[in-house]
Structure formats: structure tokens, C-alpha cells
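First up is the structure itself, then whatever we jot down about it.
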Amino acid sequence: MVNSLFGAAGTSIFEAMSRLSAETGSINLGQGFPEALEPQELIEAAVAALREGPHQYPPMMGIPALRKAVADNTQRFFGEAIDWEREVLVTSGATEALADAFFGLLDSGDEAIVLEPVYDAYNMLIRRAGGVPVPVRLEPPHWDLTAEKLEAAITPRTRIIVLNTPMNPIGKIFDADELAALRDVVLKHGLTIVSDEVYEHLVFDGARHNSPFFLPELRARTVRIGSAGKTFSVTGWKVGYVTADARLLQPIARAHQFITFTTPPALQAAVAVGLNLPDSYFDGLKTGLAVRRDRLVAGLQRAGFAVDPVQATYFAVADRTAFAPDEDDLEFSRRLTLEAGVTPVPISSFYGKRDVTSHVRFCFAKRTDTLEEAVRRLSAWRDRQRWKVAS
Ligand code: PMP
Ligand code: GLN
């Protein structure tokens, strides 16, 4: 006998597309991971910490240096004061933080509203926690969130709303009006927010990251999740952090206690160094990624994709319906891999019903020569399509 949920689960789209890319030698712009962007100071700090130790279980809540650094970084960039001793928990990646939050907050039958397009881990973890994910759809071209949409999904069993801002895959920052709508609904129904903010530092063109955690009425109702994987381009490290009011954090820390209990101490020490890096690192990350975004977006447009503006994250979603309106986006992603040698991920994988198939997602957190080659291949592919049609 196996668990009915995980026993029946398929391979994640990220793994599946990365595998196809490796098998075919394509440029992998599918799964979201950066190339050659990690700050050297962080690597050196990890090496030093590994040499010096300690190598045994660190405190369950995380090493003090990292918890302080999470609090200081939040104060420095977002102006929000956090009590590092009572309001910060270190986890093994944001994924563990999400699991801890759902396991710690939900009871059997409780409903959790998720916004589609939704990151794949949410629904599975909510369901394994006994909860019921209730989708609220954001749809192209505007991807707007309104109080009406949220209200329509509320039932007496609703307990939490899961937010992801900036949002994977669409690169959206929820604006002040959308956060105000969220606030009104949350307060009216006495809900809790789980806010996945792993892309908090990847915002472009002077935009500001905002969080329900920074709204006074929502601070004690919001579980805020971050990840060193994104902020320092080390996705394999799996160091995440949760900030929340002490009362809200307590059951989440209990779940953490029985899931991983701790996270490698040397990596925690290095991430503390990273979070304390000067503003110039964080500014450089933004401007470096914005340059990459511009190169990829221009290249995609030249190749015939319609690309929405990208405010944040390291993903560009491109409307591919101009090429083959009737083709499924998964089929299209596979075909692009084989024919063009560039791999995206289909946006339908982020919808429960998989019926929004208009867009595919490309990751631009890559070396600029990788992006140039991807763009060259896409243009050449586009020319071959034209030639095929003409002949
Ligand atoms: N949430 C979102 C929206 C993500 O895109 C990712 C990363 N891939 C995660 C969570 C997981 O982060 P981590 O690798 O720190 O577990
Ligand atoms: N978050 C990454 C993405 O959206 C992938 C993480 C994973 O492979 N599970 O591409």
C-alpha cells in the first residue's frame, strides 16, 4: 500500500523538462535556476564555516546569526522591525517552510485558497496536510486579483489564503490595491495568509516589493517565507526562512521540529553573511537580472512571441499562440526543445485544470552568452517556420 496522493503523483514539470533538455542537449530555460550568479563572498563564507565547524545539530529555530540577519535584512530593505528571537524560523528551503506552514496551520477539511497559476508544491502539501486547495484563477492578459474573485471562493471552511508575491511564473508584483482587497477579505473572514516571497529581492525598474506582512492590520496574520536559493542564486542550498508573529510561528516551528528539525549550520552561517552584504550586492542583482531580462524578452519578441512586461522574478511568460493556436503548450514546449534547441515550461502545468495553454515560461537568470545563443536559436527556428510555410 502507498499513500494515495503521492503514490499517484507524476514527475514535476520542472524535472521532466530538465530531463528532456539534458537528453536533447537543448538550452534549458525551463526549470528556474540561475547560472553563474552566486556571490563569491557567500561561497567563501560557506567554505570557512565548513572548515571551522561546528558540524552538529544547530538550534532548532536556526543559528542566531542567521535569524538576526533575516530580521536586519527585512528592516533594512522593507522597513519592518522583526524580533529575531521570537519571530524567525530557519528551514531547509522555502519548500520546507511551506510544508511546515500547511502542516502547522491546517486541520482536516480546512480550505486554503491558492491563486492560479500556482507553484506546484502548494496543492500537494496542502492536501497532504489534510486541507483542500481552492483555486482562484488569475488569467492573461492582466492577471488581476480582485476582492470579488476572492469572495467567490470563501466558504465557512476557508482558513488561509496563499499568496506568492512576486509571483512565479508570471513575474507579477501584487500592487497596493490588490493587497488592500486581500486585507479586506482576510479581516472580514478572520483568515491567515501564507505569503511566499522567495523573489522579494528580484524586482526591477525601481519597483518595490510589498507584503501583507508590512501592512499593520495583517502583520499578525501573515506567515512570510523567503529563500536564500533565490536571493543568492544558490537554489541547491535549500536554506529558507519564515517570519511571523510568535503565536503564529509556534505551530509552524513544531511542524519543522518533526520534519527536518534543522538545516546545515555551515550553509546557515554563509547565508547570514549574504543577507548582511552591502546594498550594492542587492542593487547589482536587480540590475544584472534586468539586463538579462531585456535581452531575452527582446529576443523572444523578435522570434514572434508576445511577451508581457516582467516586473520581478527571473521568469518571462510568452504568449505562443501566434505559432500554433491549437497545439497544447506542453506539446509546444517539447517541440521547441527538439526543433529549436531551447526549453521552456508550459504554463498549463500551473493550473489545476491545465486548460490555460496560451503561454510558456522562460528563465532569464542565465549567463549572457547562454541567453544570446538561446535567442539566436529561436530566431533561426522562427525563420525555418516561415520558410516551411512559404514553401
Ligand atoms: N516558492 C516558489 C514560488 C518558488 O518558485 C520556489 C522555487 N523554486 C520555491 C518556493 C522553493 O524554494 P526553495 O528552493 O528554497 O525550497
Ligand atoms: N521553483 C523552480 C521553478 O519554478 C523549480 C523548483 C523545482 O524544480 N521544484 O522553476
Side-chain angles (χ1 to χ4, degrees), residues 9-22 28-35 37-38 42 62 66 70 89-102 114-126 138 162-174 193-203 209 211 223-243 256 259-260 263-264 267-268 270-271 274-275 289 310 312-317 333 343-351 359-366:
T11 306
S12 101
I13 190 65
F14 307 115
E15 179 77 15
M17 294 311 291
S18 282
R19 212 179 286 167
L20 181 66
S21 173
N28 187 2
L29 304 186
Q31 188 176 31
F33 60 88
E35 191 179 34
L37 281 166
E38 59 279 4
L42 192 84
L66 178 52
V70 169
L89 168 71
V90 175
T91 59
S92 292
T95 310
E96 196 230 333
L98 288 160
D100 297 342
F102 299 139
V114 295
L115 306 183
E116 287 183 333
V118 63
Y119 182 59
D120 66 350
Y122 298 177
N123 287 358
M124 293 299 274
L125 292 172
I126 289 166
L138 310 186
V162 188
L163 184 72
N164 174 209
T165 189
M167 188 170 180
N168 176 11
I170 55 176
K172 175 189 171 88
I173 299 174
F174 288 88
I193 301 169
V194 173
S195 189
D196 176 346
E197 300 176 16
V198 298
Y199 299 101
E200 63 190 332
H201 284 292
L202 314 189
V203 300
H209 167 62
S211 167
V223 176
R224 176 168 176 265
I225 294 173
S227 170
K230 312 296 168 187
T231 301
F232 302 108
S233 303
V234 287
T235 58
W237 280 27
K238 287 286 178 180
V239 179
Y241 15 88
V242 182
T243 46
H256 163 74
I259 295 179
T260 60
T263 297
L267 297 183
Q268 291 195 48
V271 171
L275 286 169
L289 281 173
V310 182
T313 75
Y314 40 53
F315 304 118
V317 289
S333 298
T343 300
V345 288
I347 222 76
S348 61
S349 305
F350 296 76
Y351 287 88
H359 288 63
V360 291
R361 189 194 79 179
F362 295 88
C363 175
F364 54 78
K366 304 294 176 188

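One-based numbering, in listed order, for ligands and for the atoms of each. In this text the structure is predicted, and so the values were computed from the model without any measurement.
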* Asked: Nearest to atom 7 (C) of ligand 2, what protein heavy atom do you find, and at what distance?
  -> F14 CD1, 3.7 Å

* Asked: Distance only, no hydrogens: is a donor on one side chain within 3.5 Å (strictly under) of an acceptor on the other, for N28 and S18?
  -> yes

Short N or O contacts of ligand 1 with protein, under 3.5 Å, listed by atom name?
from     : atom 1 : to   : atom 2 : distance (Å)
ligand 1 : 1 (N)  : D196 : OD2    : 2.5
ligand 1 : 5 (O)  : N168 : ND2    : 2.8
ligand 1 : 5 (O)  : Y199 : OH     : 2.6
ligand 1 : 8 (N)  : Y119 : OH     : 3.4
ligand 1 : 8 (N)  : K230 : NZ     : 2.7
ligand 1 : 14 (O) : K238 : NZ     : 3.0
ligand 1 : 15 (O) : A94  : N      : 2.8
ligand 1 : 15 (O) : S227 : OG     : 2.7
ligand 1 : 16 (O) : A94  : N      : 3.1
ligand 1 : 16 (O) : T95  : N      : 2.9
ligand 1 : 16 (O) : T95  : OG1    : 2.6
ligand 1 : 16 (O) : K238 : NZ     : 2.7

* Could you go step by step and tell me if F232 and L275 meet the side chain to side chain contact (heavy atoms under 4.5 Å, CB included) rule? -> CA-CA 9 Å; F232 302 108; L275 286 169; 3.9 Å; yes

* Mind running side chain to side chain contact (heavy atoms under 4.5 Å, CB included) on R19 and T11 for me, showing each step along the way? => CA-CA 11 Å; R19 212 179 286 167; T11 306; 4.0 Å; yes

* Can you check whether S12 has an N/O within less than 3.5 Å of an N/O in ligand 2? -> no

* Counting heavy atoms only, name the option from A121, P169, G32, G229 that's nearest to atom 2 (C) of ligand 2. => G32

* Give the C-alpha distance, both sets of side-chain angles, the deciding distance and a yes or no for side chain to side chain contact (heavy atoms under 4.5 Å, CB included) between V345 and F350. => CA-CA 10 Å; V345 288; F350 296 76; 4.3 Å; yes

* To do: Test V242 against T91 for side chain to side chain contact (heavy atoms under 4.5 Å, CB included), laying out the working first.
  => CA-CA 7 Å; V242 182; T91 59; 4.0 Å; yes

* To do: Determine whether any heavy atom of Y119 lies closer than 4.0 Å to an atom of ligand 2.
  => yes

* Examine Q31 against ligand 2 and note whether any of their N/O atoms are separated by less than 3.5 Å. => yes

* Structure fact -> salt bridge (Lys or Arg N to Asp or Glu O under 4.0 Å) filter on K172, not counting sequence neighbours, yields E178

* Within less than 4.0 angstrom of ligand 2, does R361 place any heavy atom? -> yes

